[in-house]
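Reviewing the structure listed below.
The structure presented is a predicted model; accordingly, all values stated were derived computationally and were not measured.
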Number of protein chains: 2
Amino acid sequence: MTTGIAITRRTDQQQASRIAIFANGQTIYADGEKCDWAYRIAFGAVSLYRVLACGRRQIVSFHLAGEWFGIEQGRRRQFTAEAIGPTGILCANLAADQCPALLPAVLDALWSAREHQLVISRQSSHERVAAFLLEISERTQDKRRFDLPMPRADIADYLGLTIESVSRAVTRLKCSNAIRLVGPRGIEILDRDRLRSFCD
Amino acid sequence: MTTGIAITRRTDQQQASRIAIFANGQTIYADGEKCDWAYRIAFGAVSLYRVLACGRRQIVSFHLAGEWFGIEQGRRRQFTAEAIGPTGILCANLAADQCPALLPAVLDALWSAREHQLVISRQSSHERVAAFLLEISERTQDKRRFDLPMPRADIADYLGLTIESVSRAVTRLKCSNAIRLVGPRGIEILDRDRLRSFCD
DNA sequence: CGTATTATTGAAAGCTGTCAAAGCTCGTGG
DNA sequence: CCACGAGCTTTGACAGCTTTCAATAATACG
């Protein structure tokens with residue numbers, strides 16, 4: 001988030017063939033910047049967010065290893081992109097003709113964004129957290145046992161809840177034996193159908 | 001957002017294509033169908049929604065005259081598209097090489113979807129309704145005085161609220177002299193800054 | 001091993017949802 | 001032209017859920 005980091009950041013990105021490494025909390029690009037590059041995650045995770053005038057931070061999407069983000073041709077950055085934990089990032093030129101993978105990636109992003117709209121627009125805290133765990137599960141290697149890359153605060157800002165509500169929902173899912181917790185970050189899905197039954 | 005110039009240009013190119021007319025409430029395509037075409041609205045309005053297992057209907061986007069919708073290459077339809085009032089629709093082939101306007105349209109849709117995420121994820125009912133009125137205002141001809149194409153139920157399903165909450169919020173905006181109502185559908189923005197101050 | 005950070009739990013307040021009823025619009029038909 | 005009625009909108013009261021505020025517990029890290 002500091003200016004000093006931002007300066008070195010740009011320099012690293014110019015070497016487009018290499019992987020740029022970002023530390024936890026480091027900004028990859030900021031809200032309002034020019035859109036020079038698209039990005040793909042080699043390892044780690046990234047959150048896209050905006051801090052609203054009232055001080056609330058809303059995360060609009062998480063991106064995990066192998067996924068694209070930052071495709072925003074011909075505009076200023078709509079959100080800030082920030083690394084969650086140590087994260088390796090590949091840069092690609094934004095010109096569509098040089099990268100035919102862009103359109104499918106944008107269609108995927110639109111698909112995901114709209115599915116997420118369904119989750120956050122009306123559902124209860126338990127439904128949202130259950131849907132979130134299933135979503136992350138589907139996007140990781142081991143779909144039964146995985147570690148959440150982000151803290152509760154990030155989950156809360158993504159689901160439109162408070163940290164406390166997320167915590168209470170997790171506890172409730174745990175008590176219903178749908179999941180098991182392995183420390184605060186470790187999640188084991190014990191009963192996927194039951195977890196799914198919490199959604200909508 | 002598609003510009004007026006872009007609309008005219010496309011229309012000239014596609015004079016051969018027919019306009020399909022849909023009545024109020026008529027389905028243009030349904031959730032789960034094959035994605036054969038992309039669509040552009042000549043006049044009227046369209047809502048994209050899904051009915052969840054619990055019976056709730058969530059509208060993920062509204063589309064007004066001149067706007068694209070239904071670009072979902074290589075998948076089944078994610079949502080149902082329905083006409084709001086009498087609506088004229090132009091069909092276009094989904095192949096990207098035949099229509100270079102598709103990528104910008106998808107980027108616009110992603111942009112809008114994520115802005116909408118900010119509105120529905122956390123904001124109060126007043127904030128949501130104020131943001132909604134400003135959004136529609138920006139997308140219509142007369143930005144100060146316009147008619148909402150959709151009933152309260154559609155607004156509620158779009159904002160993740162109930163009809164009653166939408167009504168209460170509109171009343172509150174009216175009482176604060178930010179807007180004036182001209183019948184249930186007619187909106188006149190009296191104080192845009194005040195209306196904006198309700199958002200976040 | 002101690003401390004700072006993060007997560008959980010508890011109690012009360014506030015806001016939206018639900019249920020119920022009344023008011024308003026507008027098209028239809030007398 | 002007016003009265004009627006169906007549908008939509010507004011308003012009210014209460015319950016339920018999430019937020020807020022506060023404190024405790026667990027974890028991570030030096």
Side-chain angles (χ1 to χ4, degrees), chain A residues 23-25 47 52 54-59 84-86 119-133 147-176 179-187 198-200, chain B residues 23-25 47 52 54-58 84-86 119-133 147-176 179-187 198 200:
Chain A
N24 180 39
S47 66
L52 304 179
C54 56
R56 294 180 315 205
R57 178 188 66 155
Q58 182 61 41
I59 294 177
I84 304 172
V119 174
I120 59 177
S121 53
R122 250 193 226 252
Q123 300 188 2
S124 70
S125 62
H126 320 99
E127 293 170 331
R128 296 188 206 194
V129 172
F132 174 74
L133 294 178
D147 287 312
L148 297 171
M150 69 294 284
R152 296 285 186 273
D154 286 5
I155 301 173
D157 287 345
Y158 179 59
L159 297 177
L161 298 170
T162 58
I163 300 175
E164 295 92 329
S165 290
V166 171
S167 181
R168 279 185 248 270
V170 168
T171 300
R172 184 157 161 179
L173 294 176
K174 182 182 68 182
C175 290
S176 76
I179 63 170
R180 194 170 70 85
L181 267 62
V182 188
R185 300 289 185 95
I187 300 288
F198 277 93
C199 306
D200 93 24
Chain B
N24 180 39
S47 66
L52 304 180
C54 56
R56 294 181 315 205
R57 179 188 65 155
Q58 181 61 42
I84 303 172
V119 174
I120 59 177
S121 53
R122 249 195 229 251
Q123 301 187 3
S124 70
S125 61
H126 320 99
E127 293 170 331
R128 296 189 206 193
V129 172
F132 174 73
L133 294 178
D147 288 312
L148 297 171
M150 69 295 285
R152 295 286 186 273
D154 285 4
I155 300 174
D157 288 345
Y158 179 58
L159 297 177
L161 297 170
T162 59
I163 299 174
E164 295 92 331
S165 290
V166 172
S167 181
R168 279 185 250 268
V170 169
T171 300
R172 183 156 161 179
L173 294 175
K174 182 182 67 182
C175 291
S176 76
I179 62 171
R180 195 170 69 85
L181 266 63
V182 188
R185 297 288 185 96
I187 301 287
F198 276 94
D200 89 26

Atom [atom1] of [X] to atom [atom2] of [N]: distance rounded to whole Å?
X: A:L148; N: C:dT8; atom1: CG; atom2: C1'; answer: 16 Å
X: B:E164; N: C:dT16; atom1: CD; atom2: P; answer: 13 Å
X: A:R185; N: C:dT8; atom1: CZ; atom2: P; answer: 11 Å
X: B:R172; N: C:dC15; atom1: CZ; atom2: C1'; answer: 10 Å
X: B:Q123; N: C:dT16; atom1: CD; atom2: C1'; answer: 15 Å

key: Nearest-neighbour nucleotide for the A:L181 side chain, C:dT8, C:dT16, C:dC19 considered   =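 Closest nucleotide among those given: C:dT8.
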
For the student: nearest non-hydrogen atoms of [X] and [Y], plus distance:
X: A:S121; Y: B:R128; result: O-NH1, 4.0 Å
X: A:E127; Y: A:F198; result: CG-O, 2.9 Å
X: B:F132; Y: B:M150; result: CZ-SD, 3.8 Å
X: B:T162; Y: B:A156; result: C-CB, 3.5 Å
X: B:V170; Y: B:I179; result: O-CD1, 4.1 Å

inquiry  = Please enumerate all residues that pass side-chain hydrogen bond (donor to acceptor under 3.5 Å, both in side chains) together with A:R57, with sequence neighbours excluded.
reply    = A:D154, A:D157

ask   = Between B:A153 and A:H126, which has a closest nucleotide on DNA chain D that is more 5'?
value = B:A153

query = Does the A:R185 side chain pair with the main chain of A:P149, one donor and one acceptor, at a distance under 3.5 Å?
reply = yes

inquiry  = Could you check whether any side-chain N or O of A:S167 sits under 3.5 Å from a backbone N or O of A:I163, counting only pairs where one atom can act as donor and the other as acceptor?
reply    =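 No; judged by distance alone, with no hydrogens or angles, the pair does not exist.
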
key: Sorted by number, the residues of residues 154-163 of chain A with heavy-atom contact under 4.0 Å to DNA chain D   = A:G160, A:L161, A:T162

inquiry  = Does C:dT9 have OP1 or OP2 under 4.0 Å away from a side-chain N or O of A:T171?
reply    = yes

inquiry  = Under 4.0 Å from OP1 or OP2 of C:dT8: is there any side-chain N or O of A:R168 that close?
reply    =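 So the side chain of A:R168 is outside the cut-off, no N or O lying under 4.0 Å from OP1 or OP2 of C:dT8.
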
key: Separation between CD of A:Q123 and CG of A:L159, rounded to the nearest 0.5 Å   = 10.0 Å

inquiry  = What contact category does B:S125 fall into here, base, sugar-phosphate, or nothing, at under 4.0 angstrom with non-hydrogen atoms?
reply    = sugar-phosphate

request  = Find which nucleotide of DNA chain C each of A:P151 and A:R122 is nearest to by heavy atoms, and output the residue with the more 5' nucleotide.
outcome  =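 Looking at the nearest nucleotide for each, A:P151 comes out on the 5' side.
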
key: Boundaries of the chain B footprint along DNA chain D (any atom under 4.0 Å from a heavy atom)   = D:dT9 to D:dA13

